[in-house]
There are 4 protein chains.
Amino acid sequence: MARPLSEEKRNAILAAAAEAVASLGVSASTAKIAKDAGIAEGTLFVYFPTKDDLLNELYLALKADMRAAIAAGYPTEASVKERCEHLWNQSIDWGAKNPAKRKAIRQLGVSDKVTEASRKTGMAAFRDIQSMLEEGFRSGILRQQPKDMLSATTEVLTDMVLEFIHRDPGNIENYRRAGFQTYWGAISNN
Amino acid sequence: MARPLSEEKRNAILAAAAEAVASLGVSASTAKIAKDAGIAEGTLFVYFPTKDDLLNELYLALKADMRAAIAAGYPTEASVKERCEHLWNQSIDWGAKNPAKRKAIRQLGVSDKVTEASRKTGMAAFRDIQSMLEEGFRSGILRQQPKDMLSATTEVLTDMVLEFIHRDPGNIENYRRAGFQTYWGAISNN
Amino acid sequence: MARPLSEEKRNAILAAAAEAVASLGVSASTAKIAKDAGIAEGTLFVYFPTKDDLLNELYLALKADMRAAIAAGYPTEASVKERCEHLWNQSIDWGAKNPAKRKAIRQLGVSDKVTEASRKTGMAAFRDIQSMLEEGFRSGILRQQPKDMLSATTEVLTDMVLEFIHRDPGNIENYRRAGFQTYWGAISNN
Amino acid sequence: MARPLSEEKRNAILAAAAEAVASLGVSASTAKIAKDAGIAEGTLFVYFPTKDDLLNELYLALKADMRAAIAAGYPTEASVKERCEHLWNQSIDWGAKNPAKRKAIRQLGVSDKVTEASRKTGMAAFRDIQSMLEEGFRSGILRQQPKDMLSATTEVLTDMVLEFIHRDPGNIENYRRAGFQTYWGAISNN
DNA sequence: TATGAATGAGTTTTCATTCAT
DNA sequence: AATGAATGAAAACTCATTCAT
């Protein structure tokens with residue numbers, strides 16, 4: 001009773017919402033989301049009591065999805081730089097493969113519908129990634145920075161590069177490489 | 001002419017729109033903007049034929065405002081690093097002093113109401129700043145990068161740092177300094 | 001189905017629209033129509049996606065209503081002239097009894113909101129009546145005319161006479177008789 | 001002072017209004033009419049105090065224009081039938097040559113913006129034409145009819161035929177001839 | 001006299017949410 | 001639980017008219 005019955009429907013709503021928010025912004029209508037999810041307008045509110053709830057849950061789901069993709073295959077034994085490059089490449093790959101999800105996150109990121117609590121929760125997942133690099137900080141390879149700034153740097157530079165890729169898809173490798181140079185310079189001691 | 005269009009009113013509309021977009025996103029209503037600008041609802045459409053026109057003109061006005069602030073007092077004779085630091089500090093100062101304008105630019109940046117043409121025009125102003133650093137590229141102090149990437153890097157890192165300042169205003173100097181280290185690492189050869 | 005669309009409400013909307021269009025023209029507001037139909041403003045758009053759709057459907061409904069009234073009680077066995085007189089009288093009676101519907105049809109007839117397709121469909125119903133008089137054409141009693149001209153003649157002469165009746169209701173029988181003479185002269189060989 | 005200065009401007013407004021009403025109906029905006037007339041929005045109201053005044057004056061001007069065209073070259077000495085044919089042909093020619101004016105009259109005719117007084121005045125001009133046929137009534141060639149019905153018949157049948165011509169312009173002569181047969185049958189004793 | 005900026009009521013349409021089925 | 005009709009408060013935009021210039 002706490003959670004409604006069909007997990008499948010819930011996911012269909014979130015998926016439809018991601019697409020809709022990506023292309024129309026947070027003002028995408030619940031009617032369109034429901035239709036694209038293959039359910040009735042009213043059913044959406046069985047799973048998410050208000051549109052704001054839906055948007056916040058979508059934000060968290062997308063952040064979790066992104067985080068999982070980035071951490072996948074993390075090479076624990078490699079050098080710090082190689083590990084950073086792994087994170088960078090995974091980020092770029094996820095964004096390149098999931099343009100709608102990326103756009104949706106951007107839209108949600110600037111929307112005041114997403115609460116501070118959701119943002120905090122979303123950030124926490126990435127602190128976890130940051131902690132994978134503890135050794136880099138201790139050894140002095142990575143520059144000491146205010147809390148959360150490393151993952152924020154990762155996010156904004158990734159997003160920037162993906163925007164270039166989006167506008168000029170032919171040069172993806174070029175952007176990815178130049179982007180990593182920028183990124184590594186930004187976070188390492190040199 | 002019966003009565004010339006009032007530059008003052010036009011500016012009042014743009015100012016009200018910036019505030020409204022900053023706090024409510026691009027879905028801020030024209031009624032609210034007009035009211036805040038101290039004019040009748042219909043008058044807004046005398047100055048901007050559609051809401052989209054208003055949004056695009058606002059985007060350009062904000063970009064121009066930002067650019068002017070950043071370039072002000074540019075120390076032509078200083079070292080490349082000092083010149084970069086000047087640009088960085090001006091950016092941070094502008095953003096810190098104009099939080100609404102900064103938020104409005106972010107909102108407009110992700111909105112599809114802002115046309116590609118406006119984005120191009122907005123970017124052009126910053127290419128101009130980038131060209132102030134030609135010497136840095138020639139001498140090898142700054143890293144060669146794909147076109148427009150330097151100014152994009154400036155923008156996203158500035159924005160990121162301003163976000164930290166926004167959430168923790170007491171530590172502004174701290175963030176500004178750490179931010180510049182990140183920034184300088186990101187753009188220079190090291 | 002949650003609740004089926006109510007045929008009753010749909011008809012109430014069409015009826016209210018007919019009255020409103022009759023008295024105010026096609027610029028009658030949807031708000032007024034909805035209110036007169038006893039429903040909320042938004043509900044109108046559940047039944048008719050746009051105002052233009054409503055207007056077109058209203059046109060067709062009125063034409064169908066008129067056609068049904070005209071053909072009612074058609075004396076298949078009577079002489080051609082008597083059959084024509086029947087059609088004439090039914091037309092006059094319908095118009096006299098339904099002044100609002102008649103006015104609404106006139107308004108819609110000159111409006112460019114009513115599509116060519118709707119006009120064609122509306123006309124088709126009357127071609128059907130025209131074909132009831134085939135024998136009259138074959139026998140030479142009725143004059144051979146370009147396609148659709150007989151029903152158009154019926155319509156405009158009926159409408160003209162109804163306009164006289166409208167302005168001078170006391171003489172209805174007088175106008176009806178004089179009108180039929182005009183009509184019969186117009187369509188028969190003599 | 002009673003009449004504003006420029007007759008030329010007044011006529012330009014009426015001409016622009018006729019075109020605008022023809023294509024957009026009586027809801028054509030005064031702004032568009034003014035623009036098409038080559039004057040400022042406010043100037044229109046120097047010549048016509050309200051839009052309703054403009055519409056009524058337009059109605060009268062168009063009726064007068066039509067009447068003048070129809071009576072032109074009237075063959076006083078010809079037979080009654082020839083004289084009727086002259087009127088018929090002039091009507092068709094005027095309508096065929098002035099489709100916008102014809103459409104404008106139709107729009108105004110069904111609009112409640114045109115007052116009963118204007119309609120009366122407009123009709124009076126045609127009574128004048130009707131009286132040209134006095135001899136036809138006296139001699140019994142034309143059927144006795146209620147007052148104004150002959151000119152009303154002329155108008156509606158002309159309009160009907162012009163509508164056919166409008167939809168099938170290739171057959172203009174065909175429609176004109178068939179139309180006259182209908183018309184002559186409608187008004188003459190036979 | 002001619003102009004056109006300014007106005008605010010009015011227009012059609014959208015939409016998150018509710019609730020009868 | 002699932003549905004989708006019903007709602008009415010916005011939303012963007014239009015327009016006849018006024019009036020300062």
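Naming convention: chains lettered A, B, ... in sequence-line order (proteins, then strands); numbering from 1 in each chain.
Heavy-atom distances to DNA chain E give each of C:Ala28 and B:Gly38 a nearest nucleotide, and the one nearer the 5′ end belongs to B:Gly38. The nearest heavy atom of DNA chain F to C:Gly42 and to D:Ser27 marks one nucleotide each, and the one closer to the 5' end goes with C:Gly42.
Atom-to-atom, CD1 of B:Ile13 to C1' of E:dA5 comes out at 12 Å; the value is rounded to the nearest Å. What separates NZ of A:Lys32 from P of F:dG4 is a distance of 17 Å, to the nearest Å. Atom-to-atom, CG of B:Leu44 to C1' of E:dA5 comes out at 14 Å; the value is rounded to the nearest Å. Per the geometry, CZ belonging to B:Arg3 stands 14 Å off P belonging to F:dT18, to the nearest Å. As rounded to whole Å, 13 Å separates atom P of F:dA12 from atom CD1 of B:Ile39. One interatomic measurement links the two molecules: CZ of C:Phe45 to P of F:dA9, which rounds to 16 Å at whole-angstrom precision. If you take CD of D:Glu8 and P of E:dT1, they are 17 Å apart, rounded to a whole angstrom. Atom NZ of D:Lys35 is separated from atom C1' of E:dT3 by 16 Å (rounded to the nearest Å).
Between B:Thr30 and F:dA12 there is a side-chain N or O to OP1 or OP2 distance below 4.0 Å.
The minimum heavy-atom distance linking C:Ile39 with C:Leu44 is given by the pair CD1-N, 3.6 Å. In plain terms, the two heavy atoms of B:Lys32 and B:Ala20 that are nearest each other are CE-CB, 4.4 Å.
Nearest nucleotide to the B:Ala40 side chain, out of E:dA5, E:dG8, F:dC15: E:dG8. If you check E:dT21, F:dT3, E:dT17 against the side chain of A:Glu41, the one that comes closest is E:dT17.
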Could you please spell out the steps behind the side chain to side chain donor-acceptor pair (under 3.5 Å) verdict for A:Ser118 and A:Thr121?
CA-CA 5 Å; A:Ser118 297; A:Thr121 308; 6.0 Å; no

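Near DNA chain F, meaning a heavy atom under 4.0 Å away, the residues from residues 46-62 of chain B are B:Thr50, B:Lys51.
Without hydrogens or angle criteria, B:Glu41 side chain to B:Ala34 main chain gives no donor-acceptor distance under 3.5 Å.
Counted within 6.0 Å of CD on A:Glu116, heavy atoms from surrounding residues, nucleotides or ligands total more than 12; the atom is thus considered enclosed.
We find that C:Glu163 and C:Arg167 are joined by a salt bridge, their nearest charged nitrogen and carboxylate oxygen being less than 4.0 Å apart.
In this structure, the separation between OG on B:Ser27 and NZ on B:Lys51 is 6.0 Å, given to the nearest 0.5 Å. Here the CG atom belonging to B:Asn98 is positioned 9.5 Å from the CD1 atom belonging to B:Ile105, to the nearest 0.5 angstrom.
Residue contacts for C:Thr43: at a heavy-atom cut-off of 4.0 Å it reaches a base atom on one of the strands shown. Residue D:Lys9 is classed as a sugar-phosphate contact, given heavy-atom separations below 4.0 Å to backbone atoms only. At a threshold of 4.0 angstrom between heavy atoms, the contacts of C:Ala34 with the nucleic acid are absent.
Under the rule for a side-chain contact (heavy atoms from CB on, under 4.5 Å), the partners of D:Phe45 that lie at least two apart in sequence or sit in another chain are D:Thr30.
B:Asp65 is listed as a side-chain neighbour of B:Lys101, based on a closest heavy-atom distance under 4.5 Å.
Taking a pair as Watson-Crick or G-U with both hydrogen-bonding distances under 3.5 Å, the stems of three or more pairs touching DNA chain F are E:2-21 with F:2-21.
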